[in-house]
Amino acid sequence: LLVQATNLQAASEQFRAPQIPKQERLELDGTIELGADGYYHPTHEKEVVALINRARRMTSSIRVRGSGHSVPPAIGTDGRDASGAAIDVLLDRFIRVRFDDDKMQVTAQAGCHLGRDPRDHTGTSTWDNSLSVQLDRRGWALPDLGGVSHQTVAGFLLTGSAGGTVRHSLADSVVALRFVDGTGTVRELKRGTHPEFYALGCSLGLLGILLEVTFQCEPRYDVMGTETISPWGDLAFSVNRKTESNHSSVSEFLRDEEYCRFLWWPQAGVNRVVTWRARRMQSADYGDEHRKQGALRARPYRALGSEMKNARLARVASVAAQAAGGSFYDTVAATRQALTWLEGHGRAWKGLRRLSQPLFEHGLLPFVLRRFVPLDQSAPQVFRDSWYRALPMDNDMVEQLLPTTFTEVWVDLADAPEVMSLLRRHFQRHGRSATGDYVFEFYAARANQFWIHPGYERDSFRINVFWFERNRESAESFFGQFWELLAPFRYRLHWGKHLPNTPCLGPDYLSQQFPKWDEFLSLRDQLDPENIFLNDHWRKVFHLV
Ligand SMILES: Cc1cc2nc3c(=O)[nH]c(=O)nc-3n(C[C@H](O)[C@H](O)[C@H](O)COP(=O)(O)OP(=O)(O)OC[C@H]3O[C@@H](n4cnc5c(N)ncnc54)[C@H](O)[C@@H]3O)c2cc1C
C-alpha cells in the first residue's frame, strides 16, 4: 500500500508564517494569482494543493522550477496555451527550515537553497537563509555538496545530483520526504518504512510536488585539499586496470580520495589535467591556535587567480579571466563559422582556409588554452575551509560569463580505466571533433537506493562533457558521439543535463539500465493519473504518449 495521507490541516499549521503580510495571503479557492515573472508563488502547502487541483480542473500541467540549473525543457511546463492553463511554480516562499536537536535532523522546505543562488531573480536567496549556513551555525553539516551550491534542496535531489565522493552521499542522508501528489493528496514518506520513498527521492517532479525534505545531519567539519595542474603523462593515477607502476588505477584513486574531481583538457598541444582532491580535517590537522571548532583560519580555494594573496584582487582576476574565456570561445565559434564559409566559396577561398585552419587549430587554439590551464610552477594550490565553502569548488564561476551546458554519463566505477582508455583513443583518432575546445570533468558517486537515480545500486564513474552554450553548432551533435561511444558500458545519465533524442540511446536504452524503471512508471500512473506533471521533455524521455 502506498503511504498514509496525512492530516492536512494539522500539517499546514506547522509552517504558517505570521510575518507574511495579510494582503499577500492568497485565496485558496482557486484564485491564486500569477506573479509578474510568470510563476505562481505559493506561500503555504494548501496553496500548492489548490494549484494542483486547478491544474486537474483545467486538464492542464503544473511543474516547479528550482534554481533553474537543469536544461530548460526538463524544468517547466510547455507554456501556457490559449486558455492560459499551464502552471509554473516557484517555491521562493517555501524556504524555512526547522531542527530536531535530539535526532540531529533538519527539515527544509523544498525551495530552500543549499547555498546562495546568485541568479535568483526574486532576490530571496541569501547565504543567511541557505541550508548550509543555517546548519553550519548550529554546528551541523551535510555529508556532501555538488560543485556549486546554488541549487534548491528539491531540484538537487529530484535530478539525482551529487558531489564527487564515494565515501559520502547526500541521497543517503535523506530520511523523510513530504509531497503533494497529482490527486492533491499530501503524503509523507519515510526511509525504511515506505518503499515508495525510494521512488520519490529522485523523481524529476513526475510523482508530485516536493514540499519538504528531512536530512540526517552530522557534526560540522572543515575540509583541506590541493589542486594540481599537470601534463597527462604525470597523472596521479593510471588509466589501466592493472598497473605496473605504483600508481593506483583511476577507480582505486577515486575510491581512496575522500572528495575528488579531475578536469581533462584533452586537446592536442594541451593535454593537461587539473586534479582537485580534499578530505575532512582531523584534529591533528589543526594548528594549536585554530583547534577550536569554527575557528579555522580559512585559505579559500580559488578556481582562477590562486597565485594572488589578496582575496578581492583574486576575485577580480577570476571574473576577468572568465570574461576573457567567454570572449575567446565566442571568437573560436566565429572563426570556425568563417572557416566553414571559406570552404564553400570557390578555390581561392578554399586555399585560404587550408592555410589558416592548421594555424588556428594547432597553433592559436592550444596556445590560448594552455594559458587557461598553466602547469604548476612549484607547489600545487593548497586550500582549507569550512565544508560548505570548500566542497562547492565552482561557486565562484559566473555562469553568465562562461555559459556552459553538459551531458553527464554515469558508468560502473569499476569500468573507469576502460572508459578513460577508450576516451583517450577516441580523442587521438578524431582530434578536435572529439575533444572540442572545452573540458571534460570526471568524478565519482556513491551507490544509493533511489529507483531511477543514475547511481542506483552501483558506485559510479561520471564523465561530464562540457559545451560552450554560445557555440554555433548544436550541443547534441557533439554529445552524441559520447552517448554512442560509451553505450557498451550500460550507462545511465544525469537527468538534469542533456539526454539523447534517439530512442535507441534514449528511452529504449535507458529503460534497460534501471531495474526499477517499470515500477517507477506504474507508480507514476498511480500518483499522477491525469498526467498533470508531464511535459514534452519527460514524455519523450520515458516514452509516454
Ligand atoms: C553550473 C552547474 C553546476 C552543476 N554542478 C553539479 C554537480 O556538481 N553535481 C551534479 O550532480 N549536478 C550538477 N549540476 C546539475 C544540477 O545540480 C541539477 O540540474 C539540479 O537539478 C539543479 O537544481 P535546481 O534547484 O536548479 O532545480 P531545477 O533545475 O530548477 O529543477 C530540477 C528538476 O526538479 C523539478 N523540481 C524542482 N523543484 C521541485 C519540487 N519542489 N517539486 C517537484 N519538482 C521539482 C524541476 O521541475 C526539474 O525537473 C550543475 C548544473 C550547473 C548549471
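For ligands, and for the atoms within them, numbers begin at 1 and follow the listed sequence.
Contacts between Val64 and ligand 1 below 4.0 angstrom, taking non-hydrogen atoms only, involve backbone and side chain alike. The parts of Gln151 lying near ligand 1 are both backbone and side chain, judged by heavy-atom distances below 4.0 Å. At a heavy-atom cutoff of 4.0 Å, ligand 1 is contacted by the backbone of Ala74 but not by its side chain.
At the top of the distance list for atom 8 (O) of ligand 1, counting protein heavy atoms only, stands Gly147 N, 2.7 Å. At the shortest separation from atom 4 (C) of ligand 1 among protein heavy atoms lies Val148 CG2, 3.9 Å.
When the heavy-atom distances from atom 52 (C) of ligand 1 to Glu441, Met393, His69 are ranked, the shortest goes to His69.
Every atom of ligand 1 with a heavy atom of Gly146 under 4.0 Å away is listed here by number and element: 8 (O).
Distances between N or O atoms of Arg462 and those of ligand 1 include at least one value under 3.5 Å. Looking at Gly163 next to ligand 1, no N or O pair under 3.5 Å apart turns up.
The closest side-chain donor-acceptor pair between Glu212 and Gln109, if any, does not fall under 3.5 angstrom. Side chain to side chain, Gln513 and Arg492 fail the donor-acceptor criterion of an N or O pair below 3.5 Å.
A salt bridge between Arg261 and Glu441 is present, with a side-chain N of the basic residue lying under 4.0 Å from a carboxylate O of the acidic one.
A 4.5 Å side-chain heavy-atom check between Trp495 and Pro454 finds at least one atom pair inside the cut-off.
In this structure, Gly68 counts as a contact residue of ligand 1, since one of its heavy atoms falls inside 4.0 Å of the ligand.
Although no hydrogens or angles enter the test, the distance criterion places a donor-acceptor pair under 3.5 Å between the side chain of Tyr221 and the main chain of Pro143.
Taking a 6.0 Å sphere around NE2 of His543, one finds it holds 12 or fewer heavy atoms contributed by other residues, nucleotides or ligands.
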